[in-house]
Amino acid sequence: MSHPSDFYSSLGGKSNIRCLLLEPGSGNEPLVGHLVVRPIDSGPPYDALSYTWGDPEKTESILCNDAVRIGVTANLGKALHRVRLPSEVRHVWVDQVCINQNDIRERNAQVMIMGQIYQSARAVLVYLGGSAEDGVDAAALVKLVNEAIDEEEASTKVAYFNLPRRSSPGSIFADLRWKAFDKALRSPWFRRLWIVQEVGLGADVKCLFGESEIDWILFCRAYHFRYMVNSEDRPDFISEGLLNSAGGWLMEGPRPKSEFAPDWRKVSKQADFSFLPFLIEVNGHATSDPRDHIYAMYGHPLARVDGSFIMEPDYSLTKEETYVNFARAWATKTKDLRLLSFVEHDSTSVVDSFSSWVPRWDIPRKTQVMSTNLHKNFLHQAGGTSSPVFEVVDELLIVNGIMFDKISKCSEVMETERTSEQAILQLWRYMVSDRSEASSDQVRYFDDKAYMTPKPNPIGTFALTITAGRRGNEFVGRDGNAYVLELMDKTAMSATADRAILKEHSKGGSSVIFKRLLARYSKGRTLFYTEGGLAGLGPAVVQPGDICCILLGVENPYILRKTGDRSIYTSQGGYDFDRLEYFATNIGC
């Protein structure tokens, strides 16, 4: 690709963009267009293109302003040929051409308004490639499925996303045209990070597959109806992060546009969410620039604190500088150290020079985040309810805390069914079956006060430990009690608990369902034991000698690894005392 720097004139105002006036043509006729500078919110309507760049080594060009050929990737060339009209000019915004890719300042400024660009477009055109035949089949199938959805909604008075699963999904799911639909889903577009805000903010989104045009919402409804209502099996080429990304921007069906407006918090049911969970949901998606794991989500209103971006985009910084600056800005502006819950280490990262308290957004997360920032049904309040006391000096986070115990031993990492079963059975014996206090008046499975009673409920405490403090509800409780009965059978624990009570509380429950829930929180983690007799669910890299710590004002307990210390003579409040400061690596929670 080539972008002649001297060709691009200044954009002028901060809310100005370039628009490509794509000249009419057909077939393989060369691409021709004119670039014009204009404000986002005035001028002729324009369409914004959502696509994948593709192989940067495979290129073609577009003749711009009758003077300069701008190189574009081959896939963008195909997309421009697809959206070009046969007899009239089409106003198109496409990042690869409309942003001077050689001008870092311009890239910084345009990223800040990227969400507005897609939100202001007349339509967002999603280029999925595909053959003409597959496009016809997929479009016809989507139409058929949506007619079936409308009929079922009308007869049942139940919205399609609340329809129950069925063991016999019906003849519509034997339709051979699902093969064409699946080909659309296999487009690399679905793995691209930037699509989250491009589609989430678009007022009218159209999928261009083959020569057909399919409404995005109807496409989502067809997907949802097949894979999330009528089938247990989701296709493995669609990631879980995409399904859940950005609070339902993608694949969750139509959402009120008010949820993406600047006053989103006032109207959204998720108004207490923060920006961080959205970064986690999509961090497995592809982007050519690791800095975009932050910047690609800047279109969401949660990317702003008090009306300003958490950190302004700056492509002159390295990836490491970007992540550290973002973490520093987040902690300083929000006073929210739940940021630490989003750190996940492996055997390499835990010993390298990168700041251990800073999340690495470009590395796909392997374990569930343990934070009420994501899940309000966690019982986490280790550091109390006051605001955390901390400061950030350069790349160092200094925070007040209390060290209360030390790791003495750990289980194997729970990666497989075998290692998980062995680790959990060992914990069961340690916390329940080998303890005489596990009497019949303490067998109720899920008790939110299990940790707080004078005589803790061993089974309840065990349950909260293996699910990282997940609150109970009727559904989880039934399944959990069924699982407890299974553990009792495996450890021959019939004499130490009243099985009749557990059977009563497990009616309608399934140990298999609970194991799925358990795997969600435990997979990739280890069960550890402390010198003080405690047990917990921790990161894979935990090892004996690591320190258990409570950070004041932070909900989760953390595990730190001591890297040094120093004694400081301090005078405060009329008293002189020595304060011991520890330097530590944040292992995680």
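The aromatic rings of Y51 and W53 sit parallel, their planes meeting at an angle under 30°, below the 60° perpendicular limit. The aromatic rings of F462 and W428 lie perpendicular to each other, with more than 60° between the two planes, well past the 30° mark.
Between F326 and Y323, the distance from one ring center to the other does not fall under 6.0 angstrom.
Checked against I195 for a side chain to side chain contact (heavy atoms under 4.5 Å, CB included), the options E198, R191, Q197 give a single hit: E198.
The local environment of CD in Q422 is crowded, with over 12 non-hydrogen atoms from other residues, nucleotides or ligands closer than 6.0 Å. Counting non-hydrogen atoms of other residues, nucleotides and ligands closer than 6.0 Å to CD of E531 gives a total above 12. By the 6.0 Å contact criterion, CG on D41 is enclosed, its count of non-hydrogen atoms from other residues, nucleotides or ligands being greater than 12.
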Review point. Does the pair I99 and Y8 meet the rule for a side-chain contact (heavy atoms from CB on, under 4.5 Å), with working shown?
Key: CA-CA 9 Å; I99 298 176; Y8 287 94; over 6 Å; no

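Looking at S349 and D346, their side chains do bring a donor and an acceptor atom within 3.5 Å of each other. Using modelled atom types and a 3.5 Å distance limit, the side chains of Y558 and D546 yield no donor-acceptor pair. For the 3.5 Å distance criterion, the side chains of D289 and T287 fail to qualify, holding no donor opposite an acceptor.
Checked against side chain to side chain contact (heavy atoms under 4.5 Å, CB included), E417 has no partners two or more places apart in sequence or in another chain. Not counting sequence neighbours, the partners of K319 by the side-chain hydrogen bond (donor to acceptor under 3.5 Å, both in side chains) test are D362. Applying the side-chain hydrogen bond (donor to acceptor under 3.5 Å, both in side chains) criterion to D103, with sequence neighbours excluded, gives no partner residue. For S387, there are no side-chain hydrogen bond (donor to acceptor under 3.5 Å, both in side chains) partners two or more places apart in sequence or in a different chain. Applying the side-chain hydrogen bond (donor to acceptor under 3.5 Å, both in side chains) rule to N400 yields no partners; only residues at least two apart in sequence or on another chain are considered.
Nearest approach of S50 to W189, heavy atoms of both residues: OG-NE1, 2.9 Å.
Using modelled atom types, one side-chain atom of E344 and one backbone atom of K366 make a donor-acceptor pair closer than 3.5 Å. A donor-acceptor pair under 3.5 Å links the side-chain atoms of E106 to the main chain of N100, judged by distance alone. K333 places a side-chain N or O within donor-acceptor distance of the main-chain N or O of F309, the cut-off being under 3.5 Å. The main-chain N or O of V111 is never found under 3.5 Å from a side-chain atom of R107 such that the two would form a donor-acceptor pair. Of the possible donor and acceptor atoms, none in the side chain of Y295 sits under 3.5 Å from a partner among the backbone N and O of N108. Of the possible polar contacts, one joining the D314 side chain to the S316 backbone as a donor-acceptor pair under 3.5 Å is found. No donor-acceptor pair under 3.5 Å is formed between the side chain of R291 and the backbone N or O of T318. Here the side chain of T526 pairs no donor or acceptor atom with the backbone of A540 at under 3.5 angstrom.
How far NE2 of H293 is from CD1 of I363: 9.5 Å, rounded to the nearest 0.5 Å. Atom CD1 of residue I310 and atom OG1 of residue T334 lie 7.5 Å apart, to the nearest 0.5 angstrom. Once rounded to the nearest 0.5 Å, the distance linking CG of L317 with CE of M311 reads 7.0 Å. If you take CG on N16 and OG on S10, they are separated by 8.5 Å, rounding to the nearest 0.5 Å. Annotation: the span from M414 atom CE to L518 atom CG amounts to 7.0 Å, rounded to 0.5 Å. Note that CZ of R429 and CD1 of I424 are 12.5 Å apart. Values are rounded to the nearest 0.5 Å.
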Extract all donor-acceptor atom pairs below 3.5 Å that involve side chains of residues 402-409 and protein atoms in other chains or at least two apart in sequence.
unit_1	atom_1	unit_2	atom_2	d
D405	OD1	G532	N	3.1
D405	OD2	T530	OG1	2.7
D405	OD2	G532	N	3.3
S408	OG	Y529	O	3.0

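When side chains are defined from C-beta on, W361 counts as touching L276, because their heavy atoms get closer than 4.5 Å.
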